[in-house]
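Only a predicted model underlies this, so the values are computations on that prediction, with no experimental measurement involved. Per chain, numbering begins at 1; letters A, B, ... match sequence-line order.
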There are 2 protein chains.
Amino acid sequence: MRPTVHDIAAAAGVSLATVDRVLNQRPGVRHVTREKVENAIREIGYVRDVAAANLAKGRTYPFVFILPASDNSFMHGLNAEVRAAVARAPVDRTEIRTIEIPAFDPDALVAALEMLGEERPSGIALVATDAPEVREAVDKLVENGIPVVTLVSDLTGSRRHHYAGVDNIAAGRTAARLLGRFLGGAEGDVAVLAGSMLVRDHRERLEGFAAVIAREFPSLSILPVLEGRDDPEMAYMLVADALSKKGGIVGVYSLGAGNRGLIKALKARAADRSLTVVAHELTAHTRAALIDGTIDAILNQDAGHEVRSAIRVLKAKADGLAVIDGQERIRLDIFLKDNLP
Amino acid sequence: MRPTVHDIAAAAGVSLATVDRVLNQRPGVRHVTREKVENAIREIGYVRDVAAANLAKGRTYPFVFILPASDNSFMHGLNAEVRAAVARAPVDRTEIRTIEIPAFDPDALVAALEMLGEERPSGIALVATDAPEVREAVDKLVENGIPVVTLVSDLTGSRRHHYAGVDNIAAGRTAARLLGRFLGGAEGDVAVLAGSMLVRDHRERLEGFAAVIAREFPSLSILPVLEGRDDPEMAYMLVADALSKKGGIVGVYSLGAGNRGLIKALKARAADRSLTVVAHELTAHTRAALIDGTIDAILNQDAGHEVRSAIRVLKAKADGLAVIDGQERIRLDIFLKDNLP
DNA sequence: CCAAATTTGATGTACGTAAATCAAAATTTG
DNA sequence: CAAATTTTGATTTACGTACATCAAATTTGG
């Protein structure tokens, strides 16, 4: 049987009340006594029964998710996963509130974070916009003892407790190798479609992609990045234009959202030529394109896993418990038409 | 606030004792009363507080994991993950016991399952050997209300509650496409190294592999399967022999364990020629081979995820709760040298 | 050494559920 | 309709922890 508070009291030769004072860091315990109790805890290997403690406290975990108000499939999916978590909330004692803020707007994000500093929720998850002022706001929260995890997009050099998202440099590198190997040594140009170079994930993906292409596939050269602002219309125009003007394009890497436009352009212009295409994010559109051969591989991050992982980590941090690292590493999914879920 | 048993009692106009009788299916409640209570439960949307219930019951979940005594990296890893779960057991009220049985031995497996039928643990996870008598034994357990999940390897046509493992047909198909695309339309032979065609996962991987090669990469032809019994020595001999005799080999698919031997053979014989190699299971050996270019892609199933998923599902089944499907789908990991964890 | 301050102990209640007991009420049976 | 039986209610204790209160013991300061 697991040791209980009573066992600590017996082992330390003190009363239950004193054990309680130590465990819940209440005042009025002499230093020596406190140490006696702490030693006993260590010796008998006591771990607090979180379930019983929560029951006694009537504790719930008020968490806040800060999400950008972006109108693309991925963010919609992320939103849906957060809502699903909200629906499960009563069962696992979480109370999740979401705040929507304009995308790519550091000031709005900072304002929200500062407001939450007053409110002091049990934990905060945010899709970070990578700016110094955001980092500062996050660091301040961390300093004040509020657990913070970044979601999907990380925050350079910040002291956030955890990042629930994929390694975007690795994603870019992987895309490069897939494209390079699929092209089998062919020579030509590669078009890259991004959302915006102001977003950290996109920058990182490009960085990884460019590095591997340069080093390992020198016969391929990367054309200037097309910034489609994750907008299908704009993506369509940019890609269609590039395909018509540049005859040497043999491959396309789409590292952002707005793939609907990309697919439309590919279908319109590329029926005659064979293009190898790697894109990010599995949506209804990219899935169909993968199946019909318009896209050759899709890299994906599972928004559901990211949200659940963020919640688990926030909870663990709020309770001062350890996280299972292997469980919380968000993996990069690679989908070919054969292993679609 | 979440409704409690008291709220049910008030809503149904009965006493707490009666609510308890209904909730815990104790006898001595008239049909009409039982229905009144059940309606009230539905109307106010009561969900039992599992934490409080477990506390009151002093409940723990005695689970049993039946693992084959196979001496390969993957099974060692699986074992380690189970041990890690055992170490965490006190915290989540599980008591995990493992039983080792000889590999590929349906009789031993059936004997173990029948023994557990008497013992009645809260749940059983087993690496299934795909045989009719095993299916029958599992179905009997399920009929007797014991939650059963298959781990890593599934059981054809059985009524097990869940399968915590990857889709091996999809894995084989994915391997075929990676190999085919990486070879870029080259002509030649493909060697396939398996453990044993008596194991279901291996049969399925081969099935998926062969189907995609035949349909989409007709310029490749699959050589007769080499059965290495997941043994490094044997794998070495078989592969070395094949490489020396068959000049037209351009690719290798290793769908089982024993990759240490494969890698040795590849390094010895294939320095001069360029082979494209896809293998299963990420281990220290395959990881090194992927990095140095001996292997081009590794397909992997995360044993840690499988074990944790099995436990979550068993717990949910034991409590009669729903599982989050997306969370429990074990994904096929594809590793290139760029996205290694 | 005494009074004041601090530390410790003893005890009770609560959280939401399980499980048991005994009495009271309702229903069925002959 | 009474007796036997079944169903229901009322009440209590327990699980492991949190938290509050009050009394008793110990330490500290002057």
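- For A:R2 and D:dG16, the shortest distance from a side-chain N or O to OP1 or OP2 is not below 4.0 Å.
- B:I101 CD1 to B:I99 CD1: the interatomic distance, rounded to the nearest 0.5 Å, is 8.5 Å.
- In the region residues 41-61 of chain A, proximity to DNA chain D at under 4.0 angstrom, judged on heavy atoms, holds for A:Y46, A:R48, A:D49, A:A52, A:A53, A:A56, A:K57.
- Residues A:H162 and A:R312 have side chains that never bring a donor and an acceptor to within less than 3.5 angstrom of each other.
- For residues 74-84 of chain A, the pairs satisfying side chain to side chain donor-acceptor pair (under 3.5 Å) are A:D71-A:H76, A:N79-A:E100, with sequence neighbours left out.
- Among residues two or more places apart in sequence or in another chain, the side chain to side chain contact (heavy atoms under 4.5 Å, CB included) test is passed with A:D7 by A:P3, A:T4, A:I44.
- Non-hydrogen atoms lying under 4.0 Å from DNA chain C are contributed by A:G13, A:V14, A:S15, A:A17, A:T18, all within residues 4-18 of chain A.
- Atoms CD and CG, from A:Q301 and A:D333 in turn, are 9.5 Å apart once rounded to the nearest 0.5 Å.
- Of the residues listed (B:V166, B:L282, B:L332), the one engaging B:N300 in a side chain to side chain contact (heavy atoms under 4.5 Å, CB included) is B:L282, and it is the only one.
- Rounded to a whole Å, the NZ atom of B:K36 is 12 Å from the C1' atom of D:dG9.
- Side chains of B:N24 and B:R48: a donor on one and an acceptor on the other come within 3.5 Å.
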(request) At under 4.0 Å between heavy atoms, which parts of nucleotides 22-28 of chain C does protein reach? Answer with one letter per nucleotide, 5' to 3': B base, S sugar-phosphate only, - none. (result) -----S-
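- For the atom pair A:Q327 CD and B:S309 OG, the distance stands at 10.0 Å (nearest 0.5 Å).
- Partners of B:Y61 according to the ring-ring contact (aromatic ring centres under 6.0 Å, His included) rule, which considers only residues two or more places apart in sequence or in another chain, are B:F63.
- Take A:R30 and apply the side chain to side chain donor-acceptor pair (under 3.5 Å) test, not counting sequence neighbours, and it matches no residue.
- Legend: residues meeting salt bridge (charged side-chain N to carboxylate O under 4.0 Å, His left out) with B:R329, ordered by chain and number and at least two apart, are absent.
- Contacts of residues 87-94 of chain A with DNA chain D (heavy atom under 4.0 Å): none.
- Residue pairs that meet the side chain to side chain donor-acceptor pair (under 3.5 Å) test with at least one member in residues 131-149 of chain A, sequence neighbours left out, are A:E143-A:R159.
- C:dT8 atom P lies 12 Å from atom NE2 of A:H31, rounded to whole Å.
- Note that CG of A:L78 and CD of A:E306 are 7.0 Å apart. Values are rounded to the nearest 0.5 Å.
- The rotation axes computed at either terminus of the helix from C:dC1-D:dG30 to C:dG30-D:dC1 lie 20° apart, taking five pairs at each end and rounding to 10 degrees.
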Side chains of residues 105-116 of chain B: which donor-acceptor pairs under 3.5 Å do they make with residues two or more places apart or in other chains?
residue, atom, partner, partner atom, Å
B:D105, OD1, B:D107, N, 3.1
B:D105, OD1, B:A108, N, 3.1

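- One finds the CZ atom of B:R26 at 11.5 Å from the OG1 atom of B:T18 (value rounded to the nearest 0.5 Å).
- Both B:R34 and A:R26 lie close to DNA chain D; mapped to their nearest nucleotides by heavy-atom distance, the more 5′-ward contact belongs to B:R34.
- Summarising the geometry, the separation between CG on A:D20 and P on C:dA14 is reported as 17 Å, rounded to the nearest angstrom.
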